[in-house]
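As structure tokens, the structure follows; a few thoughts come after it.
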Amino acid sequence: MKVADYIINYLAGQGVKEVFSVYGAANGDLIDAFTRTDRIRYVCVMHEQAGGFAAEGYAKVSGNFGVALATSGPGGQNFVTPIGNCYYDSVPCLFLTGQIKTQFLKPNDDIRQIGFQETDIVGIVKPITKYATMIKTPEQVPYELKKALYLMKTGRPGPVLLDIPIDVQKAEISEKTASESYCEFPDDDYHFDLDELYGDLMQSERPALLIGAGCWPARKRLLTLIDTLKIPAFPTWNAIDIVCSDNPYYGGRVGTYGGAGRNFGIQNCDLLIAIGTRLSGRITGGNVKSFARGAKKYLIDIDKAMLQPNDQQCPFDVNWYSDADYFIDCFTDYLNSKASISMHVKYMQKWMDTVSRWRYKYDTMPVNFMGVAEEGPSGGKHNCDVSPYLFMRELSNQCSPSDIIVGDCGGNIVVMNHAFESKTGQRIITNNGNSPMGFSMAGAIGAWFAQNDEKFNIYDAVSNPTPNRRNVICIIGDGGMNMNIQELQTIVNYGVNVKIFIINNNIYGITKAFQEVNFEGRSEAYGPKGYRPPDFHKVANAYDIPHVEICDNKCLNIIKDLLDSNGPLVINVMCKEYHTYEPKIVGWNTPIEDMYPYLPRDEFKSNMIIDPLPGWETHEY
Ligand SMILES: Cc1ncc(C[n+]2csc(CCOP(=O)(O)OP(=O)(O)O)c2C)c(N)n1
Ligand SMILES: [Mg+2]
């Protein structure tokens, strides 16, 4: 069997249905291998970066891993951003690159290049992959493939890259070679002392859970655990579809995105149990040591490097190495064996009510936070005005529990985190750790392929029946749209049914907000100076995709009809030059509970159960 066929068949055997590819001579044999199987197909994207983003979207929605395929040189180089995405957001993806024939490979690192489009892609991506290697002989292929996939999925998942020279792709391998395999047993030396945790829980008056994306595989059992504990659960930025807004124990979003509730819940807890999270700075805020400072803090995570108190920006008191899945099972069993948990639960209602009250009272939606689009030199020809906050809340009201929502970056993702209220069953994905502009359109394409494939439709909403099809909704800024605009053609070519909502403020909104705070408002390179978006109506026309404009807050009730319509749609949400993202945390020293616009000081103080930090009277922390 040809090596190229072996690889493609192997991926099909792993349940992968689509490989996102751009052609090139160096991956020609791998592409040709698809002609000899009907178990797996390639999807031609217009740019390798988008192919990598699509593979990420596919992995996040299918629960399987994603695969992207590129040629040597520039093809592989275009993978750098999606590989970074997968590394920082712990996404299992296999990146395959073709490489020039082994005979033309440069013999040492002093030589820049010998073969046409030769590049040391392995060297380039080493720091942002779990494993990357060039396979120089056909005999190594089965072993390296198994090893790469094993490392990709085991422990904290992440991307791997295999670089395969043309002559290796063309070579034959025997069945005997192919059966030899890589095998390693997972390091599951998990240990924790549940008696200690239980003792602290019984003592605690204000316990809280912090739930990270590492809990995704155990999400159903996690919801049972939350229901047993009956304490507030706060999702991190990658877990807002694990603990959803409709969960009775949902505490709200935290950190930078802690809009509703203004972080009073997490900051006032006296016991914090964080599971499957690396505690990004977006969660803790810049004054990291002030995060949940009144609490004894437990961290349960699979990444040993993140469990070292000396390396932790915000040191945790107890750090346990464990798979979230395993911990959740053990903790649930443990609690079920304890009669006293029911007594504890009785006392928790008051604390839960307090957290809910903060969340409702300090919603981002009351008029004073809703913001009004500023007047300014208009980048568009329409004089229209939609509040992104109002739009996002309305979108979430009109979305169904089976929808898949893919967010981008910039001001629009801040608004999405502030105002989109999730429903159990929804998938809400973006790339948070790397946050590249233009992720969401390509990510949505991958998400669509994943949901469209019945076998891997892992829809498992707790209380909703499995729908045949799920709406895929892409939310993107005008700036982000420009970064992968060419993928509109992939959408057309494959009939991808995705609704693209462009939050069109004609500028890089988050950049304008940043410059106002940090550069005395000098407006550089975000628009209209330097940057200006195209007329998206004309763009959609050029790609032959229907286009709708929402120009007024009063028209937001049409969202549901747009979602129910057939086929792809570009929806231009006209927001003038909106760039007010509030509430927000101002300054590196401010603890996350003191968000701007500042509450009157007596009101702020009345919400603090623990002591405010010195400086709270004047905000001079
Ligand atoms: C690839 C890439 N380049 C630059 C940035 C820096 N950046 C973050 S958000 C942003 C502006 C985004 O503008 P837009 O998509 O219109 O969103 P808005 O903030 O207006 O909602 C920029 C330049 C980035 N995140 N990714
Ligand atoms: Mg914008």
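Atom set for the values below is all heavy atoms of this structure, side chains included, hydrogens, waters and symmetry mates excluded. Order of listing sets the numbers, starting from 1, for every ligand and every atom in it.
Residue side and main chain included, Asn505 places an N/O/S atom under 2.8 Å of the Mg ion (ligand 2). When distances to the Mg ion (ligand 2) are checked against a cut-off of 2.8 Å, Pro533 contributes no N, O or S atom below that limit.
Under a 4.0 Å criterion applied to the non-hydrogen atoms of Asp478, ligand 1 contributes the atoms 16 (O).
Between Met437, Met416, Met483, it is Met437 that holds the heavy atom closest to atom 26 (N) of ligand 1.
Scanning the protein for heavy atoms near atom 16 (O) of ligand 1, the closest one is Gly479 N, 2.8 Å. Regarding atom 19 (O) of ligand 1, its nearest protein heavy-atom neighbour is Gly411 N, 2.7 Å. Counting protein heavy atoms only, atom 15 (O) of ligand 1 is closest to Gly480 N, 2.8 Å. Ranking protein heavy atoms by distance to atom 20 (O) of ligand 1, first place goes to Gly509 N, 2.7 Å. Closest protein heavy atom to atom 8 (C) of ligand 1: Cys409 SG, 4.1 Å.
Residue contacts with ligand 1 do not include Ile503, since none of its heavy atoms lies under 4.0 Å from the ligand.
Checked against a 3.5 angstrom limit, the closest N/O atoms of Tyr508 and ligand 1 fall outside it. Ligand 1 has a nitrogen or oxygen under 3.5 angstrom from a nitrogen or oxygen of Ser435. The shortest N or O to N or O distance between Ile507 and ligand 1 is under 3.5 Å.
Of the possible donor and acceptor atoms, none in the side chain of Ser435 sits under 3.5 Å from a partner among the backbone N and O of Asn432. Looking at Lys126, its side chain never comes within 3.5 Å of a backbone N or O of Tyr131 through a donor-acceptor pair. Under the 3.5 Å distance criterion, the side-chain polar atoms of Gln267 are matched with a main-chain donor or acceptor of Ser290. Between the side chain of Ser400 and the backbone N or O of Ser402 there is at least one donor-acceptor pair closer than 3.5 Å. Side chain of Gln77 to main chain of Thr119: no donor-acceptor pair is present (N/O by atom type, distance under 3.5 Å, no hydrogens or angles).
Across all non-hydrogen atoms, the minimal contact from His418 to Tyr389 is ND1-OH, 2.8 Å. Shortest non-hydrogen contact noted between Tyr531 and Ala525 is CB-O, 4.2 Å.
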Legend entry - ring pair (Phe, Tyr, Trp, His ring centres under 6.0 Å) assessment of Phe514 paired with Tyr526: CA-CA 11 Å; Phe514 179 79; Tyr526 64 71; over 10 Å; no
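Ring geometry for His619 versus Tyr598: interplanar angle under 30°, hence parallel rather than tilted (30 to 60°).
The N, O or S atom of Asp478 with the smallest distance to the Mg ion (ligand 2) is OD1.
Contact annotation for Asn412 and ligand 1: heavy atoms of both the backbone and the side chain come within less than 4.0 Å of the ligand.
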